[in-house]
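Note on naming: letters A, B, ... go to the chains in the order of the sequence lines (proteins, then strands), and numbering restarts at 1 for each one. As a basis for the values below, the full set of heavy atoms in this structure was taken, side chains included, without hydrogen atoms, waters or symmetry mates. If you're wondering where the values come from, they're calculated on a predicted model, not measured in any experiment.
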Amino acid sequence: MPPSVVLVTGVSRQLGGDLAARLAADPSIDRVLGVDTTPPSRDTRRRMGRAEFVRVDIRNPLIGKVISTAKVDTVVHASLSGHPSAAGGRSMMMEMNVIGTMQLLAACQKSDTVGRLVVRSTTSVYGASPRDPATFTESTEPKALPPGGYAKDAVEIEGYVRSFSRRRPDIPVTTLRFVNFIGPRADTAFAHYFALPVVPMVLGFDARVQLLHHEDAVAVLERATTHDLPGVFNVGADGVLMLSQAIRRAGRVALPIPEPLVPWVGRVTRRARLVDFSPEQMRLLNYGRVVDTTKLKTEFGFEPRWTTVQAFDDFVAGRALRPVVDTDRVVGVGESIARGAAHYLPARIRGEEPAALEAAQDQTPALAPVR
Amino acid sequence: MGEADVIPLHGPGGRPRPRPTPRRRSLVPPPAETPPEPEETPAASLPAVPAPSGPSELERTVTEVAAFLRRRLAGRYTVDEFGFDPDLNENVILPTLRPLYERWFRVETIGVENVPAEGGALLVANHSGTLPLDALMTVVATHDDLPTPRNLRMLAADLVFGLPGAGALARKAGHTLACSPDAEALLGDGELVGVWPEGFKGIGKAYADRYKLQRFGRGGFVSAALRTGVPIIPCSIVGAEEIYPKIGDLGPIARLLGVPYFPITPTWPLLGPLGLVPLPSKWYIEFGEPIRTDEYEPGAADDPMLVFNLTDQVRENIQQTLYRLLSGRRNAFLG
């Protein structure tokens, strides 16, 4: 059953805005409402087309009024934020994430028009530790619960969503646990991180990185909005990149940092507004995180168009990242030096054709004086 | 087990078979599951070097090393979801271990035909030696001495993955955390998985207890094999007990460092870093006959009695093989 009136939260940020634009382009949907605390940028607004923007804080009970007057039947809660500085500080981010969700869920529970709820969550809810299995399925219990910040917000939000579906079992709820987004247009912490000329990583650790192309993320949200697909789903692309490998593919230079200094470096890059990694996301750089997406493919029926490697290469090409060091040339110079040196070594060390050596040996007795 | 057990001295394995001469391996990318990405030919960017009679072996090596470095520095290789990097394993990790395997411990393998050439299998071995060199040598054995080289995917303790350096390297070599989801995922994918169920009790036991198998964990490995229906291959390693004879344990220092034990050996910590050099004992690795698990009905993994019995069967098998190999050995260092 396609929805007729959709409400999307967090439209002023990229994912929500792109989703609203996609839904607005779908003629089977009557009305698309986008809400956020700040108006979307001019460019987003233009792309959103016929989607309407309502400036309302989801922490305010007013959101209930918006839902009831517009007779919203599908709510997409896409406003989960992991950027403290963009949200106006860590406590503000928590307010918006957790309290906002509570208010929104309260409004949905009261409403008799809402018939579908889609919640954006994150794979950060699994944490990252050396005691975790290599891949997380939707039912894996985290070994180390995220200590705070973004991941803790997501865990709490999922808790509220679960109790919401207990109270309103008639409303199908789709919870989507996304991995980090990447792509030429993706405006995420990861994208900023890989765009640094010298990329800090944790000394002695090399995380496995699973990414999702931004367009795939929007497509998944769109599918969840237009279909009844209740459940919790991991959303990530196929394949894995090692962090060091990704840095090399982007032509960046890795800077290994001893573990005790990592929080300090994180603070500096945050202050300098280079990368907005929250401290608990830094742990991801230690151990990495890979999720199992079998359920996404079989039950949800979505096959990501880009693999992790393709998505990352698309990001590198789209951002036109130039290699900091031309490694090919460096290796070429080293190779020609080695080749030149090899040329002056005696044949035996060079490992010349054994037949030639044997022939030389055969000749020796003939030349030797016979006694 | 009782002291008076009769130990068959010459089992089906017979005398250790000398290892086939190792083939010379070159720096070639291993066959990847995904088609390799197009690479520019390295020769294109090279200055023409006058070669009198075709490229010599050294020149070929230079070309191979350069191609390897290009591939690595550009990130043109694939890893699986466990972080296994076949390119690095084949060209860096295994060649580093090989001298230790061939020259230092002079490892001889017996019963290589018992390891299936393909499909999932669970290799279960005894653990010893203070540092897990026995596990690393088994990795080389299953790669070099089998008719078809296989990459042994080990299940390791979480301590390894928390260590800087070791954890990342272990992942790149294809090893993962010892837990049922990972074990079943690997076995289900048809991988050869290695497990050392004695864990720290085995590897950190005193020299006086050498070749006495400790408790075999809680049988988790048997459950994983039953669920995936793969054979269990008992693997007995002789020689690893003598590399670092542990004659004492500094418990307080171990607790301070957060490790299970801090060993004292005749050379460590007395001689400092020199104490890290393992004693050159002569090793034998015997692969026993596979124990099938696919004949049990589904749900057998949830029958604790069956799991315990199978665990004991594997343990007994390895213990008997160890005694047999030991009785055939004259000297720990000469074999």
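Here the side chains of B/P260 and B/K201 are not in contact, with every heavy-atom distance at 4.5 Å or above. A heavy-atom distance below 4.5 Å is not found between the side chains of A/I257 and A/W264. The closest side-chain heavy-atom distance from B/R70 to A/E335 is below 4.5 Å.
Exactly one residue among A/V179, A/D238, A/T137, A/L212 makes a side-chain contact (heavy atoms from CB on, under 4.5 Å) with A/T293. That residue is A/D238.
Residue contact with chain B, scored on non-hydrogen atoms closer than 4.5 Å, involves the backbone of A/D132 exclusively. For A/R131, the parts sitting under 4.5 Å from any heavy atom of chain B are the backbone and the side chain alike. Contact annotation for A/V290: only side-chain heavy atoms (C-beta onward) come within less than 4.5 Å of a heavy atom of chain B. Residue B/R72 touches chain A through both its backbone and its side chain, counting heavy-atom pairs closer than 4.5 Å.
Shortest non-hydrogen contact noted between B/V230 and B/G120 is CB-O, 3.5 Å. Considering every non-hydrogen atom in both B/L73 and A/R248, the closest pair reads O-CB, 3.3 Å. When all heavy atoms of A/A246 and A/L241 are compared, the pair lying nearest together is CB-CD1, 4.0 Å.
The aromatic rings of B/F216 and B/F221 sit perpendicular to each other, their planes meeting at more than 60°, with 30° as the lower class boundary. Classified by interplanar angle (parallel below 30°, tilted 30° to 60°, perpendicular above 60°), the ring pair A/F312/A/F315 is tilted. Between A/W306 and A/H213, the two ring planes are parallel [angle under 30°; tilted spans 30° to 60°]. The aromatic rings of A/Y193 and A/F190 lie tilted to each other, with the angle between the two planes from 30° to 60°.
Annotation: maximal heavy-atom pairing with chain B below 4.5 Å, among A/E259, A/M242, A/R329, occurs at A/M242.
The pair B/D302-B/R227 meets the salt-bridge criterion, since a charged nitrogen lies less than 4.0 angstrom from a carboxylate oxygen.
For residues 152-168 of chain B, heavy-atom neighbours of chain A at less than 4.5 Å comprise B/D158, B/F161, B/G162, B/L163, B/P164, B/G165, B/A168, sorted by residue number. Scanning residues 176-186 of chain B against chain A with a 4.5 Å heavy-atom cutoff picks out B/T176, B/L177, B/C179, B/P181, B/D182, ordered by number.
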